[in-house]
Amino acid sequence: MTTKTQTKLDTSFKKEVYEGLTTFPKYLSSKYFYDKAGDKLFQDIMAMPEYYLTDCEFEILETHTEPIAEYFRGKENGFDLIELGAGDGKKTKILLKHLSENNFNFVYKPIDISQNAIDSLSEKLEEELPNVEVDPEIGEYFEVLERLKEYNSRKKVIVVLGSNIGNLLHPRAIDFLSKLKDTMQEDDMLFMGFDQKKKPETILNAYSDETGITAAFNKNILVRVNRELDANFDVESFKHWETYDPESGTAKSFLVATKQMEVTVNELDLTIQFDPWETIHTEISQKYTDKVVDWLADESGLEIETSFTDSKGYYKNYVFKR
Ligand code: AVJ
């Protein structure tokens with residue numbers, strides 16, 4: 001990571017934490033979950049039986065590897081496979097393996113906000129799929145989108161897995177998709193995972209597991225603020241709480257103060273008060289239907305070419321064109 005990017009992330013972190021803790025109701029952005037401990041906790045989440053998203057997307061990629069790869073295939077000069085929010089790349093590896101074994105001509109460009117994730121992904125790929133050319137980048141989605149415009153000499157396949165778009169409320173999702181569309185040319189495509197609406201219990205369980213992994217993941221943002229901004233959150237006095245509204249399809253995570261507290265954030269010269277049961281909203285995980293994805297695509301100037309789903313119909317990966 002360049003020093004410039006690092007500084008930019010640092011200042012936006014400070015700015016956003018200040019903003020989020022001084023407005024009412026309080027919030028902290030889920031994009032700051034992913035430090036070293038957060039990356040590890042998210043990997044633990046993906047391995048939990050309750051967190052069906054990972055298994056479903058795995059199943060989709062495994063069952064439909066060939067047709068998906070055929071959508072990716074470029075002309076003579078191949079394609080750039082650009083993955084936003086690559087994380088540990090476990091699921092993408094299914095596709096990479098197939099593409100590599102079948103001599104597709106492509107470069108894999110994983111992009112992630114987490115330096116840790118990118119480092120370990122690059123190392124693993126070098127070991128497991130040495131024939132795949134990997135060209136990683138660190139950055140936030142919107143900032144990376146600008147740079148995507150440079151990849152225009154051949155077909156671009158943009159991949160966003162894990163229902164990562166679910167962290168964005170619809171207006172921001174449309175903004176994101178529109179900006180993706182703006183970087184796309186005629187033959188380019190977008191391959192994106194959207195978690196679907198389903199039985200509310202199933203969704204709630206995925207975000208409030210009994211073992212407390214999701215709770216630890218959510219609270220880790222306070223641990224991070226403590227460490228990086230010299231704050232004194234009493235992390236154990238906050239309770240992880242999840243809600244799911246089956247009408248809007250929005251799952252929301254909160255940290256709830258279980259008592260009156262005063263917290264000092266030294267790096268921000270800030271002291272804040274929590275009333276008993278006051279909340280910090282940390283994350284949304286939006287659930288979708290075909291209708292909603294159709295509407296998002298329409299609003300963004302994209303067209304759905306096809307979609308793939310798992311045997312339970314819990315999750316869908318859509319192929320978009322502009
Ligand atoms: C990585 C944003 C897709 O919202 O399902 C998992 C993150 N949060 N458990 C999601 C998450 C709590 C995840 N995304």
Side-chain angles (χ1 to χ4, degrees), residues 1-42 45 85 111-119 137-146 164 167-169 171-172 175-176 207 212-243 250-285:
M1 183 195 271
T2 64
T3 339
K4 218 172 130 207
T5 326
Q6 181 69 68
T7 320
K8 220 173 138 199
L9 283 179
D10 280 355
T11 41
S12 57
F13 178 56
K14 274 193 180 179
K15 235 183 94 190
E16 285 188 48
V17 169
Y18 188 93
E19 167 81 22
L21 293 178
T22 53
T23 30
F24 182 83
K26 294 179 170 68
Y27 70 91
L28 291 169
S29 168
S30 58
K31 72 178 174 222
Y32 298 117
F33 281 167
Y34 304 92
D35 63 356
K36 201 164 187 162
D39 287 345
K40 170 74 177 72
L41 285 163
F42 184 58
I45 286 175
I111 297 167
D112 202 280
I113 192 171
S114 162
Q115 177 84 54
N116 300 309
I118 286 291
D119 287 348
E137 263 186 70
I138 311 289
E140 244 182 64
Y141 285 1
F142 286 96
E143 151 199 315
V144 166
L145 285 176
E146 277 306 305
N164 284 342
N167 275 168
L168 307 177
L169 288 166
R172 290 189 60 216
D175 186 34
F176 177 51
Y207 294 92
I213 298 169
T214 307
F217 177 67
N218 197 10
K219 288 181 188 181
N220 182 57
I221 200 163
L222 299 183
V223 178
R224 183 173 186 181
V225 172
N226 279 351
R227 187 183 58 245
E228 292 185 21
L229 302 181
D230 190 15
N232 64 349
F233 276 100
D234 175 11
V235 176
E236 289 321 306
S237 298
F238 286 84
K239 184 180 175 59
H240 167 69
W241 190 254
E242 190 73 21
T243 64
T250 309
K252 278 188 178 182
S253 304
F254 298 91
L255 292 162
V256 187
T258 57
K259 55 179 192 193
Q260 156 76 40
M261 281 182 273
E262 181 175 279
V263 177
T264 311
V265 189
N266 284 311
E267 282 283 315
L268 301 177
D269 285 320
L270 180 69
T271 300
I272 45 176
Q273 308 293 332
F274 283 89
D275 290 332
W277 310 112
E278 188 175 342
T279 50
I280 308 174
H281 169 48
T282 52
E283 184 175 44
I284 78 148
S285 299

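We count residues from 1, following the sequence as given.
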Close side-chain approach of [X] and [Y], heavy atoms under 4.5 Å:
X    : Y    : answer
S285 : N167 : yes
I280 : F233 : yes
E228 : K14  : no

Measure the spacing between [atom1] of [X] and [atom2] of [Y] and express it to the nearest 0.5 Å.
X    : Y    : atom1 : atom2 : result
H281 : L255 : NE2   : CG    : 10.5 Å
I45  : T214 : CD1   : OG1   : 4.0 Å
L229 : L270 : CG    : CG    : 10.0 Å
D112 : D39  : CG    : CG    : 7.0 Å
N226 : N220 : CG    : CG    : 10.5 Å
Y207 : E283 : OH    : CD    : 7.0 Å

Derivation and outcome, side chain to side chain contact (heavy atoms under 4.5 Å, CB included), residues D234 and K259: CA-CA 11 Å; D234 175 11; K259 55 179 192 193; 3.9 Å; yes
Passing option when P171 is tested against D175, L169, L168 for side chain to side chain contact (heavy atoms under 4.5 Å, CB included): L169
Of the non-hydrogen atoms in [X] and [Y], which two are nearest, and what is the gap between them?
X    : Y    : answer
I113 : E140 : CD1-CG, 3.8 Å
T282 : F254 : OG1-N, 4.1 Å
I221 : S29  : CD1-O, 3.3 Å
R224 : Y32  : NH1-O, 2.9 Å
L21  : K26  : O-CE, 3.4 Å
I213 : L41  : CG2-O, 3.9 Å

Working for side chain to side chain contact (heavy atoms under 4.5 Å, CB included), residues E278 and Q260: CA-CA 9 Å; E278 188 175 342; Q260 156 76 40; over 6 Å; no
Aromatic ring pairing F238/F274, orientation class (parallel under 30°, perpendicular over 60°, tilted between): perpendicular
What pairs with [X] under ring pair (Phe, Tyr, Trp, His ring centres under 6.0 Å), at least two apart in sequence or on another chain?
X    : result
F217 : F33, Y34, F42
H240 : none
Y18  : none
Y27  : none

Short side-chain to backbone donor-acceptor contact, D230 and E267, under 3.5 Å: no
Any side-chain donor near an acceptor of the partner, N218 and S253, under 3.5 Å: no
Those residues that, when tested against K239, pass salt bridge (Lys or Arg N to Asp or Glu O under 4.0 Å) (two or more places apart): none
Counterpart residues, salt bridge (Lys or Arg N to Asp or Glu O under 4.0 Å), relative to K252 (two or more places apart): none
Test log, rule side chain to side chain contact (heavy atoms under 4.5 Å, CB included), inputs T271 and V263: CA-CA 6 Å; T271 300; V263 177; over 6 Å; no
Full working for side chain to side chain contact (heavy atoms under 4.5 Å, CB included) between L28 and L222: CA-CA 9 Å; L28 291 169; L222 299 183; 3.9 Å; yes
NZ/K31: more than 12 non-hydrogen atoms of other groups inside 6.0 Å: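 Above 12, so yes.
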